[in-house]
Amino acid sequence: MTRLLLINPNTSIPVTARLLALAQQRNGLEVVAVTAPFGAPYISTEADCAIAGHATLQAWRDARAQYGAFDAVLIACFGDPGLFAVREEAGVPVLGLAQAAFAQASAHGPYGVVTGGRAWGPMLQRLAAALPEGAGLVDLETVALSGAELAADRPRALACLAQAVERVRVRQPVQAVIVGGAGLAGMARDLQAGSPVLLIDSVQAALDAVCAIAAG
């Protein structure tokens, strides 16, 4: 049994509960889920992301002190705030939604990303440039609605994201498109039937990576 610490870098407890429920559906994992002790309810700006990196590191330290050792850590935000800092301290595999999704998508060839919130465009481009898995990213579409707004109105979100996926597909010869964001979990599955390109759910990609560690 692999003991996983799942950190939600924003302060939304319902998002943490949703992520925990998804993680608990996977075999071989004992999951402890924690919520950032401070910061934004949903990360949507550069400032939010900077604060979330600090909050994620603090959440790791607090969880380690309270719950003991873990076999892996998952930073459950598409943007991976605090990834490198926690990785420096943890001594165990530390994954983020973005890096895991980049890795899964890159196995198919050039890929694109669709996510919510305009500010995420440059932030994700910088992250991709810092990760070897980011080399295959050839297009990125951020819709005007934030991740929180997309999560709050699923029918509207699906329509908006479907249009964004199609714009990416038409612009670039991508082999896959990542639907990125903790609040967008499950939407790639719902959109897949209407899309000719492979869609990757960032949350499920990260849990796939955790399970590969557990099986390894």
Side-chain angles (χ1 to χ4, degrees), residues 3-24 29 31-67 70 72-90 92-103 113 115-128 130-131 133-134 142 145-152 178-187 201-210:
R3 197 158 192 255
L4 172 68
L5 174 64
L6 187 155
I7 302 174
N8 174 15
N10 66 54
T11 63
S12 171
I13 292 174
V15 170
T16 305
R18 169 66 172 153
L19 293 166
L20 174 61
L22 290 171
Q24 288 176 329
L29 299 182
V31 187
V32 174
V34 297
T35 306
F38 54 85
Y42 207 99
I43 300 162
S44 58
T45 68
E46 292 271 11
D48 290 347
C49 195
I51 293 166
H54 180 191
T56 298
L57 181 60
Q58 189 61 54
W60 151 254
R61 290 173 174 173
D62 291 347
R64 180 67 176 80
Q66 181 174 355
Y67 299 107
F70 293 94
V73 180
L74 175 57
I75 298 173
C77 169
F78 193 66
D80 305 354
L83 176 70
F84 301 110
V86 176
R87 190 171 282 169
E88 181 180 68
E89 290 196 356
V92 297
V94 180
L95 304 101
L97 298 192
Q99 185 172 18
F102 291 171
V113 166
T115 193
R118 296 296 190 205
W120 274 111
M123 291 191 284
L124 287 168
Q125 291 284 10
R126 286 198 299 275
L127 179 63
L131 297 169
E133 300 89 346
T142 55
L145 296 175
S146 70
E149 290 169 329
L150 291 169
I178 297 166
V179 180
L184 278 57
M187 293 189 189
D201 182 316
S202 63
V203 174
Q204 296 300 339
L207 291 173
D208 288 345
V210 170

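Computation of the quantities below employed the complete heavy-atom set of this structure, encompassing side-chain atoms and omitting hydrogens, waters and symmetry-equivalent molecules.
In this structure, the side chain of D201 engages the main chain of G186 through a donor-acceptor pair within 3.5 Å. Side-chain atoms of S202 come within 3.5 Å of backbone N or O of G181 as a donor-acceptor pair. Using modelled atom types, one side-chain atom of D80 and one backbone atom of A98 make a donor-acceptor pair closer than 3.5 Å. W60 places no side-chain N or O within donor-acceptor distance of the main-chain N or O of A85, the cut-off being under 3.5 Å.
V210 has its side chain within reach of L29: a pair of non-hydrogen atoms, C-beta onward, lies under 4.5 Å apart. Put simply, the side chain of Y42 does not reach to within 4.5 Å of the side chain of E149, judged on heavy atoms. Inter-residue side-chain proximity for I7 and L74 is flagged as unmet; no heavy-atom pair is nearer than 4.5 Å. A heavy-atom distance below 4.5 Å is found between the side chains of V113 and F78. Using a 4.5 Å heavy-atom threshold, the side chains of L22 and L207 count as touching. Considering only heavy atoms from C-beta on, F102 comes within 4.5 Å of L131 through its side chain. No side-chain heavy atom of N8 sits less than 4.5 Å from a side-chain heavy atom of C77. Taking the side chain as every heavy atom from C-beta outward, V86 and T56 approach each other to under 4.5 Å.
Considering D48, T11, I13 in turn, T11 is the only one that fulfils the side-chain contact (heavy atoms from CB on, under 4.5 Å) rule with P41.
Of the N and O atoms on the side chains of T16 and T35, at least one donor lies less than 3.5 Å from an acceptor on the other residue. No side-chain N or O of Q204 forms a donor-acceptor pair with one of D208 less than 3.5 Å apart.
Taken from CZ in R126 to SG in C49, the straight-line distance is 8.0 Å, to the nearest 0.5 Å. Distance CG/L184 to OG1/T115: 6.0 Å, rounded to 0.5 Å. Atoms CZ and CG, on R87 and L57 in that order, are 13.5 Å from each other to the nearest 0.5 Å. Rounding to the nearest 0.5 Å places OG of S12 at 10.5 Å from CD1 of I43.
In the displayed structure, F84 atom CZ is contacted under 6.0 Å by more than 12 heavy atoms of other residues, nucleotides or ligands.
Considering all non-hydrogen atoms of both residues, I75 and P9 come closest at CG2-CG, 3.6 Å. Nearest heavy atom pair, residue P37 against residue A59, reads CD-CB, 4.1 Å. In this structure, A182 and V15 approach most closely via the heavy-atom pair CB-CG1, 4.2 Å. Listed here is the closest heavy atom pair of G116 and L150: CA-CD1, 3.7 Å. Nearest heavy-atom pair across S44 and A119 is O-CB, 3.3 Å. Summarising the geometry of G79 relative to L127, their closest heavy-atom pair is O-CD2, 3.5 Å, with the distance given to 0.1 Å.
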Exercise. Kindly determine whether Q99 and L83 satisfy side chain to side chain contact (heavy atoms under 4.5 Å, CB included), including the steps that lead there.
Key: CA-CA 9 Å; Q99 185 172 18; L83 176 70; 3.5 Å; yes
Exercise. Take V203 and L97 through the side chain to side chain contact (heavy atoms under 4.5 Å, CB included) test and state the conclusion after the steps.
Key: CA-CA 6 Å; V203 174; L97 298 192; 3.9 Å; yes
Quiz item: Step by step, would you call R64 with E89 a salt bridge (charged side-chain N to carboxylate O under 4.0 Å, His left out)?
Solution: CA-CA 11 Å; R64 180 67 176 80; E89 290 196 356; over 6 Å; no
Exercise. Apply side-chain hydrogen bond (donor to acceptor under 3.5 Å, both in side chains) to the pair D62 and Q66, showing each step before the final yes or no.
Key: CA-CA 6 Å; D62 291 347; Q66 181 174 355; over 6 Å; no
Self-check item: Pair L6-V34, side chain to side chain contact (heavy atoms under 4.5 Å, CB included): steps then yes or no
Solution: CA-CA 6 Å; L6 187 155; V34 297; over 6 Å; no
